[in-house]
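To start, the structure under review is shown below, and the notes come after it.
All residue numbers in this chain count up from 1 along the given sequence.
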Amino acid sequence: MNTSLDFLSELNTVQRAAVEDVEGPLLIVAGAGSGKTRVLTYRLAFILNQGLAEPYEILALTFTNKAAKEMKERIEKLVGSEAKMIQMGTFHSVFARILRQEAEKLNYSRNFTIYDDDDSLSLINTIIKEQKYDDKVIKPRNILNFISNCKNELLTPAAAKERITDDFQAKAVTIYQLYQIRCMKANAMDFADLLVKPVELFLNHKETLEKYQNRFRFIMVDEYQDTNHAQYILTQMLAEKHKNITVVGDDAQSIYAFRGANIQNILNLKKHYPNLKIYKLEQNYRSTQNIVEAANGIIKFNRDQIPKHVFTENEKGEPIQLIESDTENDEAKRVCDKIREMKQVNHFVNKDIAILYRTNAQSRAMEDALRRAGVKYKIFGGLSFYKRKEIKDIVAYLRMAINPSDEQAMIRVINYPTRGISDASVKALQAYAAANNLSFWQAVQNPEASNINSRAANAVRAFVQKIHRLQTVALTQNAFLAVKSIADESGVLKELHSEGTTEGLARWENVQELINAAKEYSEQTNPDADKLEAYLAEISLFTDIDENDKDLDYVTLMTIHSSKGLEFKVVFLVGMEEGLFPGFNSMESRKDLEEERRLFYVAVTRAEKLLFITYAKSRLKYGNLQYNEPSRFLNEIDPRFLVFTRSRNGVSSFKTIPSRNVADSNRNPIVSVPAFEADNPEKIASGQKVLHQKFGKGSVILVEGVGEQRKAHVEFSEGGLRVLLLKYAKLQILA
């Protein structure tokens, strides 16, 4: 073992204290860019160096495979190869491994399949049709969200039934119950089950819980602000014996409530651990002073937070550039112009630059402009490699080779490539299985019993024989040879190659890339873990952020949610408009609005050197031109850190409000006025004094457009310059 502790000299005072304080519960509040990964890594290395635990007695939980890989590589450099024995990975991957060891106690076999969202939606859709529900009212996506929310809160179907308040929830609970039964028959778990089932395991098998409590003497959790209720309970259960739990996170970066994350887990941690010690990492090593101070000014408006003041000793840097554009296409062109300018003048390259937006739909205008400008880019959060049809087809065959009870995998490819099994025959087999309480795999063993015709029955029998052959391959060959053989034996490769089209060739090449990936896996993994079962478990938990891209020189396009944990020298934050960011659905609740503000904070703190914030005065929405007001969050940036560029037509819709109270932070800088009767929009003209219900008194600077598109530029004494669509503005003429 490497006994040198020289690496501790690289830490600042607070970081080092957090590393060396290893006993008992600990919260490390890690501000943006404060070196939390280094602290976590060095803390693990310190524990090993001091002989406080063996590597296998440490459990480190992260939120991405990428973060786990990076941390493990760093620890190996510090303490050597023994770091490989640390139990480290995402919540889902770590507990999936535990479940495979303990599956029989939950009436599963260890070769269970992990369903992704597509599998779950397909199964839910089948159940909706079997129950004869109206799929226009009872939509599969809404049901999946309902089930996921229940599981995040550890609500069984029986517990959820006690909370029914309307007809939708009644039907949703019925589907939830049937969904769980079908998953069990298919020997399958969905993503949420990978957290719910361990809780069930530990509650019902105390000896199993005690085994893992004894094993994991030190527990560390990264990004703790993003944990949901199930994750909170799991870590609490495992840490109950030794109480050596360290959680690292930043409440200011809690942005995943829509996935079930609960910010109260980090805010109220001391309630569960009264002797909790807290260290605050407040020095930012990433960003310039201007960016750090601007971000501090934004987040101070949130009420629910752990007090801290992030600072940096980096250079002051350039001011944040706020750019107003007339339209979304103008906004995209201006972003491209700035990118070209920075590459030519500042010598940045594509990979230094990211374009961040609130919703995926905003990427379209940016993509068009980047293509026209000849700028290479890559979108994250789109269709990842493992979500492509041809890959999912091959993976379905791989899944059946491991777990033939996997109903969704079998339905996907039972007639691909085409073998004469119609949709009607598949539905008849499903109905027979449901009526006789059988799994789909049991039903296809005796196809005639479902009353399908003899030709289809013969095709089903041939398909079953094929699956048996694939099972033999999976049992006797390593991951690489198994994937290669099954891709060929399935007939998918031949089908794609015979298409004779450019698209077919591209899909064929994607399957070849899957085979290459399996080869790399088999070569890099120890001989005991390179079987197809282990490889499938690995890729089932992949995200597009974990993918390895050979061409690294591209501008990154992604949602702000996807960007957390990343950093770029130059960041463009686009679409900063009311109704878009914050979204309309977030404006009625302080809690929701504070989450949106945290999301804005995350976006700002991704930037190292330069930050550009842009908004468009008008944007197409549902085919109609919509006029927008600048986001209220822009008024929360101290003007000292901003340089403002007006739109091309020279008439601005943005005006910095000099000062605002924290108490006013959850609404626009507006003046309340009594209710009044609005005048006819046709009477509004330039030069008039008007009154608006929200913005108060103002002067009409310009009126343009006709009919429903007629709009007014109004300078309000408190609300700044606004561009209002007169059809909806409800203005009262004063003079």
Side-chain angles (χ1 to χ4, degrees), residues 91-92 106-107 114-186 188-201 203-204 226-234 254-265 359 407-408 411 427 430-431 433-435 437 561 583-596:
F91 272 89
H92 292 87
L106 294 168
N107 297 318
I114 299 172
Y115 276 179
D116 64 13
D117 277 3
D118 290 343
D119 298 316
S120 295
L121 287 169
S122 176
L123 176 55
I124 289 168
N125 191 47
T126 298
I127 295 171
I128 288 172
K129 290 177 179 176
E130 290 173 352
Q131 294 298 305
K132 295 181 170 53
Y133 293 151
D134 184 351
D135 60 8
K136 292 183 176 62
V137 177
I138 309 299
K139 297 179 180 178
R141 174 58 68 180
N142 293 342
I143 296 296
L144 179 57
N145 290 340
F146 175 85
I147 293 173
S148 296
N149 289 337
C150 286
K151 290 184 177 184
N152 287 340
E153 293 299 315
L154 298 176
L155 291 175
T156 63
K161 191 173 184 179
E162 298 297 316
R163 299 190 179 189
I164 291 173
T165 58
D166 55 39
D167 182 61
F168 170 82
Q169 289 185 9
K171 289 182 170 64
V173 168
T174 298
I175 296 168
Y176 179 16
Q177 191 166 24
L178 293 171
Y179 172 84
Q180 288 301 98
I181 292 170
R182 294 284 275 272
C183 283
M184 177 73 78
K185 284 182 181 177
M189 298 185 193
D190 61 23
F191 269 37
D193 283 330
L194 298 181
L195 302 177
V196 173
K197 294 297 181 182
V199 175
E200 180 184 330
L201 173 72
L203 285 174
N204 296 326
D226 295 330
T227 53
N228 60 29
H229 182 63
Q231 290 164 327
Y232 170 77
I233 294 297
L234 271 176
S254 179
I255 59 173
Y256 294 117
F258 68 99
R259 293 182 189 168
N262 185 355
I263 191 174
Q264 298 304 321
N265 290 349
T359 65
E407 178 179 355
Q408 294 309 305
I411 289 172
K427 288 176 182 176
Q430 286 180 297
N437 197 28
H561 283 100
F584 284 119
N585 294 335
S586 304
M587 293 182 181
E588 301 302 319
S589 156
R590 178 183 65 82
K591 176 182 168 186
D592 292 341
L593 197 57
E594 289 199 357
E595 172 121 348
E596 289 285 286

Student check: side-chain heavy atoms of [X] and [Y] closer than 4.5 Å:
| X | Y | value |
| --- | --- | --- |
| Lys151 | Gln180 | yes |
| Thr227 | Phe91 | yes |
| His229 | Asn262 | no |
| Leu195 | Asn228 | yes |
| Ile128 | Lys171 | no |
| Leu203 | Glu200 | no |
| Arg141 | Asn145 | yes |
| Ile175 | Phe146 | no |

Does a salt bridge link Arg590 with Glu594, judged by any charged N lying under 4.0 Å from a carboxylate O?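 A salt bridge is present here (some side-chain N lies under 4.0 Å from a carboxylate O).
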Residue pair Tyr115 / Ser122, side-chain donor-acceptor N/O under 3.5 Å: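 Checked: Tyr115/Ser122 side chains show no N/O donor-acceptor pair below 3.5 Å.
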Write down the atom of [X], the atom of [Y], and the distance for their closest heavy-atom approach.
| X | Y | result |
| --- | --- | --- |
| Ala230 | Val199 | O-CG2, 4.3 Å |
| Ile124 | Ile147 | CD1-CD1, 4.1 Å |
| Asn125 | Pro140 | OD1-CG, 3.8 Å |
| Leu144 | Ser120 | CD1-CB, 3.8 Å |
| Asp190 | Tyr179 | OD2-OH, 2.8 Å |
| Ala186 | Glu407 | CB-N, 3.8 Å |

To the nearest 0.5 Å, what is the distance between [atom1] on [X] and [atom2] on [Y]?
| X | Y | atom1 | atom2 | answer |
| --- | --- | --- | --- | --- |
| Phe168 | Lys139 | CZ | NZ | 10.0 Å |
| Asp117 | Ser148 | CG | OG | 6.5 Å |
| Asp226 | Ile263 | CG | CD1 | 9.5 Å |
| Ile233 | Glu153 | CD1 | CD | 10.0 Å |
| Gln169 | Asp166 | CD | CG | 4.5 Å |
| Ile138 | Ile127 | CD1 | CD1 | 13.0 Å |

Please work out whether the ring planes of Phe191 and His92 are parallel, tilted or perpendicular, with thresholds of 30° and 60°.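 Tilted, since the angle between the ring planes falls between 30° and 60°.
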Determine the interplanar angle of the Tyr256 and His561 rings, folded into 0 to 90°, and report it as parallel if under 30°, tilted if 30 to 60°, perpendicular if over 60°.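 The arrangement is tilted - the two ring planes meet at 30° to 60°.
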Examine distances only and state if a side-chain atom of Glu595 and a backbone atom of Ala257 form a donor-acceptor pair shorter than 3.5 Å.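 It does hold such a pair.
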Side-chain donor or acceptor of Asn152 paired with backbone N/O of Arg259 under 3.5 Å: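 Between the backbone of Arg259 and the side chain of Asn152 there is a qualifying donor-acceptor contact (under 3.5 Å).
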Test Gln231 against Asn265 for side chain to side chain contact (heavy atoms under 4.5 Å, CB included), laying out the working first. CA-CA 10 Å; Gln231 290 164 327; Asn265 290 349; over 6 Å; no
Quick check on side-chain contact (heavy atoms from CB on, under 4.5 Å): which of Gln131, Lys129, Glu130 does Tyr133 satisfy it with?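 Answer after filtering Gln131, Lys129, Glu130: Gln131.
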